[in-house]
Amino acid sequence: MRPRWLLLGACGWVLLILMFASRFISFRAVDDYGDRVGAHSWTVPGQKVVKSASVSSPESLKLAPKPSDQSTAAVSPVSDWHLVAQKRVSLLSAACQNTTFGNLTHVPISKFVLDRIFVCDKHKILFQTPKVGNTQWKKVLIVLNGAFSSVEEIPENLVHDHEKNGLPRLSSLPPRDVTHRLNTYFKFLIVRDPFERLISAFKDKFVKNPRFEPWYKHDIAPAIIRKYRKSHRSSDAAASGLHFEDFVRYLGDVEGRRRVERQFGEHIIHWVTYAELCAPCQIHYSVVGHHETLEQDAPYILKAAGIQQVVSYPAIPPGITRYNRTKVESYFSGVSKRDIRRLYARYQGDFYLFGYPSPDFLMT
């Protein structure tokens with residue numbers, strides 16, 4: 001009789017342990033940037049680890065220059081989202097007319113800008129989504145061009161193969177055709193909080209590097225370490241890896257960064273400012289989407305472009321787009337206030353153009 005009670009007791013303890021452990025097991029959902037929902041895996045050697053706290057949204061922060069509709073959390077019908085989209089375009093237009101940040105916001109439409117804009121002539125669409133779900137939007141346009149019937153069918157290695165994916169760049173067209181498309185096509189871009197974008201770029205290129213682009217770790221990282229790490233030895237630069245504070249110091253140094261970047265060319269597009277990359281004060285975008293409200297923006301963009309019956313945006317894992325103040329604070333915990341202010345000075349135009357609140361909580 002006793003062994004039976006012991007067996008029942010052991011089973012009970014196992015069930016209790018499993019129930020307790022299940023509370024700490026989170027679904028692993030990965031987006032274009034390798035982020036993980038429900039867990040934090042962003043630390044690299046040399047960083048201070050901050051215990052996870054509740055996530056705060058930008059609406060609770062001091063806003064500059066005015067509240068951004070990015071914080072709209074409730075799911076709204078696509079028809080109602082039109083007002084949000086209109087406010088964003090109006091905010092962008094007003095910001096472009098303000099000369100206060102002229103040197104940070106007004107960039108000519110150069111070949112560099114046109115290289116980043118993809119064309120879908122079949123449905124008269126131009127899109128520019130720098131480091132914000134770029135992979136998924138490319139899949140949408142590949143489907144629109146007719147090569148595949150759904151985004152799920154597209155091989156991952158094809159999406160960024162620009163010789164085979166069938167997505168021409170605007171820069172590949174004659175000037176007259178470029179002007180015609182800029183004036184008549186539906187144009188949209190997707191942006192996100194500038195500092196979260198930099199964290200995403202750092203993780204994607206220097207930590208995880210999922211597409212195996214070795215020059216980021218083997219060429220760019222050592223160059224940044226040699227110039228910006230306060231103490232280093234050339235022999236261990238590659239082994240220790242680039243720290244986020246080195247990355248921030250590099251981005252905030254105007255003249256020094258330019259000297260370093262002459263070696264890298266187009267490899268730096270992932271942390272160029274939105275103003276430099278998209279020329280939003282010269283190109284009149286039809287819709288400005290925000291990563292933080294992509295669940296609402298994606299269906300609205302498809303409907304506004306008249307393609308909602310042709311293609312669907314890939315499923316978005318729950319919580320993947322939410323602004324994560326805890327993550328931002330964790331990454332910047334090892335960065336000096338001076339370096340953060342210099343970084344903000346460079347990206348201030350991006351915060352202003354798209355209504356993102358200034359990160360005062362990092363600088364005070």
Side-chain angles (χ1 to χ4, degrees), residues 33 35 40-73 88 91-92 94-95 98-105 131-132 191-203 224 228-231 242-257 271-276 290-293 319 321-364:
Y33 328 107
D35 286 334
H40 304 305
S41 58
W42 52 79
T43 56
V44 295
Q47 282 186 249
K48 176 182 176 182
V49 178
V50 176
K51 187 176 179 180
S52 300
S54 59
V55 175
S56 301
S57 66
E59 61 191 301
S60 65
L61 308 178
K62 180 181 178 181
L63 303 180
K66 61 191 234 180
S68 167
D69 39 53
Q70 64 163 322
S71 60
T72 306
R88 290 176 181 171
L91 171 64
L92 176 59
N98 189 329
T99 59
T100 304
F101 301 108
N103 61 323
L104 297 174
T105 57
K131 203 67 200 73
V132 187
V191 297
R192 75 187 299 181
D193 176 87
F195 278 10
E196 270 210 319
R197 173 181 173 240
L198 295 179
I199 292 172
S200 174
F202 173 78
K203 290 169 59 181
I224 295 174
Y228 294 101
R229 187 169 298 177
K230 294 179 179 179
S231 61
L242 183 70
H243 299 169
F244 188 68
E245 50 265 40
D246 304 327
F247 186 56
V248 169
R249 199 170 294 123
Y250 150 71
L251 293 178
D253 179 10
V254 179
E255 293 304 322
R257 185 187 73 249
W271 47 84
V272 169
T273 67
Y274 285 135
E276 295 171 291
H290 283 203
H291 181 263
E292 294 79 5
T293 54
T321 63
R322 187 179 303 126
Y323 175 82
N324 192 331
R325 175 166 167 167
T326 299
K327 178 173 69 175
V328 174
E329 289 177 328
S330 175
Y331 266 93
F332 281 92
S333 63
V335 182
S336 71
K337 303 294 184 184
R338 170 181 171 273
D339 288 334
I340 296 175
R341 293 190 187 99
R342 291 176 68 178
L343 183 72
Y344 177 65
R346 182 185 176 194
Y347 292 91
Q348 188 174 9
D350 287 354
F351 281 93
Y352 180 71
L353 286 171
F354 302 108
Y356 283 100
S358 59
D360 294 340
F361 64 97
L362 295 175
M363 299 185 288
T364 56

Practice item. Evaluate the ring planes of Phe247 and Phe202, with Trp represented by its six-membered ring, and classify them as parallel (under 30°), tilted (30 to 60°) or perpendicular (over 60°). Key: tilted
Check your understanding: Considering all heavy atoms of both residues, which atom of Ala275 and which atom of Leu353 are nearest to each other, and what is their separation?
Key -> CB-CD1, 4.3 Å
Review point. Within a strict 4.5 Å, meaning less than it, do heavy atoms of the Val248 and Phe332 side chains meet?
Key: yes
Practice item. Working to the nearest 0.5 Å, report the span between OH of Tyr228 and CG of Asp339. Key: 10.5 Å
Point to revise | Worked verdict on Arg325 versus Glu329 for salt bridge (Lys or Arg N to Asp or Glu O under 4.0 Å) | key: CA-CA 6 Å; Arg325 175 166 167 167; Glu329 289 177 328; 3.0 Å; yes
Study note, to complete from the structure: Distance col, row Asp193:CG vs His291:NE2, nearest 0.5 angstrom, shows 11.0 Å
Check your understanding: Taking the side chain as C-beta and beyond, is there a heavy-atom pair between Glu292 and Thr321 under 4.5 Å?
Key -> no
Review point. Atom CD of Glu245 and atom OH of Tyr331: how far apart are they, to the nearest 0.5 Å?
Key: 11.5 Å
Review point. Is there side-chain contact between Tyr347 and Trp271, with at least one heavy-atom pair below 4.5 Å?
Key: yes
Exercise for review: Check whether any side-chain heavy atom of Arg257 lies under 4.5 Å from a side-chain heavy atom of Arg346, and answer yes or no.
Suggested key: yes
Review point. Is the cationic atom of Arg229 (NZ for Lys, CZ for Arg) positioned less than 6.0 Å from the six-membered ring centroid of Tyr250 and within 45 degrees of its normal?
Key: no
Review point. Do Thr273 and Leu104 come close enough that some side-chain heavy atom pair is under 4.5 Å?
Key: no
Review point. Going by heavy atoms in the side chains, are Val191 and Tyr356 under 4.5 Å from each other?
Key: yes
Check your understanding: Does a side-chain heavy-atom distance below 4.5 Å link Arg197 with Arg192?
Key -> yes
Practice item. Answer yes or no for Arg88 and Phe354: cation-pi contact, defined as NZ/CZ to six-membered ring centre under 6.0 Å and angle to ring axis within 45°. Key: no
Review point. Out of curiosity, Ile199 CD1 to Ser330 OG, how far, rounded to the nearest 0.5 Å?
Key: 8.0 Å
Check your understanding: Does Arg322 pair with Glu196 as a salt bridge, N-O distance under 4.0 Å?
Key -> no
Check your understanding: Does the side chain of Tyr344 come within less than 4.5 Å of Phe195's, by heavy atoms?
Key -> yes
Practice item. State the CE-CG distance between Met363 and Leu343, to the nearest 0.5 angstrom. Key: 9.5 Å
**Study point:** Gap between atom CG of Asp350 and atom OH of Tyr274 - 0.5 Å precision
**Key:** 7.0 Å
